[in-house]
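I have placed the structure first, in the form of structure tokens, so that the comments after it can refer back to it.
Below, all heavy atoms of this structure are taken into account, side chains as well, without hydrogens, waters or symmetry copies. In listed order, ligands and their atoms are each counted from 1. Everything numeric in this text was worked out from a predicted model, so none of it was measured.
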Amino acid sequence: MTVAEMQNEIMRLKAERDVCILAHCYQAQDILEVADYVGDSYGLSVQAAKAKQQTVVMCGVRFMAETVKILSPEKTVYLANAMAGCPMAEQMDKDYIAEVKKQYPDHAVVCYINTTAALKTICDVCVTSSSAVKIIRKLENPNILFIPDCNLGDYVQKQVPEKHLTLLKGGCPTHAGVSEQDTLSMKTLHPNALLLVHPECRPEVVAQADFVGSTSAIMEYAKRSDAKEFLIGTEMSIAEHLRYECPEKRFYPLAKRLLCVNMKCTTLPDVLAAVSGEGGERIELPEDVLTGARRCIDKMIELG
Ligand code: SF4
């Protein structure tokens, strides 16, 4: 089968079997082209909840499929490739954070959405990279235990100096892998390019950026900007996708380390197998986890 033949078969099967395909924007272009929705993790779970289909295939990583299940517990949710985890989401588990919480009894616990469903059950509220500043500013408690990403936490702390954020050593190994030297070298190589950076990058990289934002915000900024060249400081597929969307502009990944192997686990044949009902992993969560994690996400919706 060629790529085009496989894409046609997926399109035929998803209509026949009434399946909704979600693709995180770090997925490969051939997967984006067969998806019903493409976007950030939380946006995809909202789209899935609104979709008329009762079966959903998530092309992304495990915590994203869990978030879809939390928002749509009545739907059948598959993770297209069961190996696709997120190292950041798996860094801190519920038992560990329950112990840490005892050291900070006067802190509100705020988790990034890139956490497991089980961990969300013991957090007060979760945030996305685009809502973190707004939500933390609104919290009554001046003391925040922010988990797991210390780079995002550092960025939020600088935007909200009136709060005190306690950070742990965690984060995204893909974004944190970019060094200040990588950034300086690329800026020298492309002196006219604007630097657009995700706040999961290290503070010394973020400090050099022309724009800091979530993946969706970076894409929107690049599309609307009058500039012609951009250094893209997030997973390298975004530079590629932007070249499809804006062929008249130039996009360069900030570093070749910006490759998330977990996001690249999922292939077009995996999507075909999942849509056929012969592959993927069906996501099931215990009732107490569904309820506890939903409370944490509902608080985000209320404040964000
Ligand atoms: S890019 Fe980082 S946060 Fe996103 S899935 Fe990969 S490891 Fe997790």
- [ ] Kindly indicate, with the supporting measurements, whether the criterion side chain to side chain donor-acceptor pair (under 3.5 Å) is fulfilled by T234 and H175.
- [x] CA-CA 6 Å; T234 188; H175 288 84; 2.8 Å; yes
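- One finds the NE2 atom of H24 at 12.0 Å from the OG1 atom of T266 (value rounded to the nearest 0.5 Å).
- Summary of contacts: the protein heavy atom closest to atom 8 (Fe) of ligand 1 is C86 SG, 2.3 Å.
- Listed by number with element, the atoms of ligand 1 under 4.0 Å from a non-hydrogen atom of C260 are 1 (S), 5 (S), 6 (Fe), 7 (S).
- P87 CD, 3.4 Å is the protein heavy atom nearest to atom 7 (S) of ligand 1.
- Around atom CD of E287, no more than 12 heavy atoms belonging to other residues, nucleotides or ligands sit under 6.0 Å away.
- Using a 4.0 Å cut-off between charged side-chain N and carboxylate O, R243 and E240 make no salt bridge.
- If you check which protein heavy atom lies closest to atom 4 (Fe) of ligand 1, you get Y26 CE1, 4.0 Å.
- In this structure, the protein non-hydrogen atom closest to atom 3 (S) of ligand 1 is N114 ND2, 3.4 Å.
- Checking each of V19, L13, I10 against S276 for a side-chain contact (heavy atoms from CB on, under 4.5 Å) leaves exactly one that passes, namely L13.
- Near M88, with a cut-off below 4.0 Å to any heavy atom, the atoms of ligand 1 are 3 (S).
- Screening D270, T267, N262 for a side chain to side chain donor-acceptor pair (under 3.5 Å) with N81, the sole residue that qualifies is D270.
- At a cut-off of 2.8 Å, C172 does not coordinate atom 6 (Fe) of ligand 1 through any N, O or S atom.
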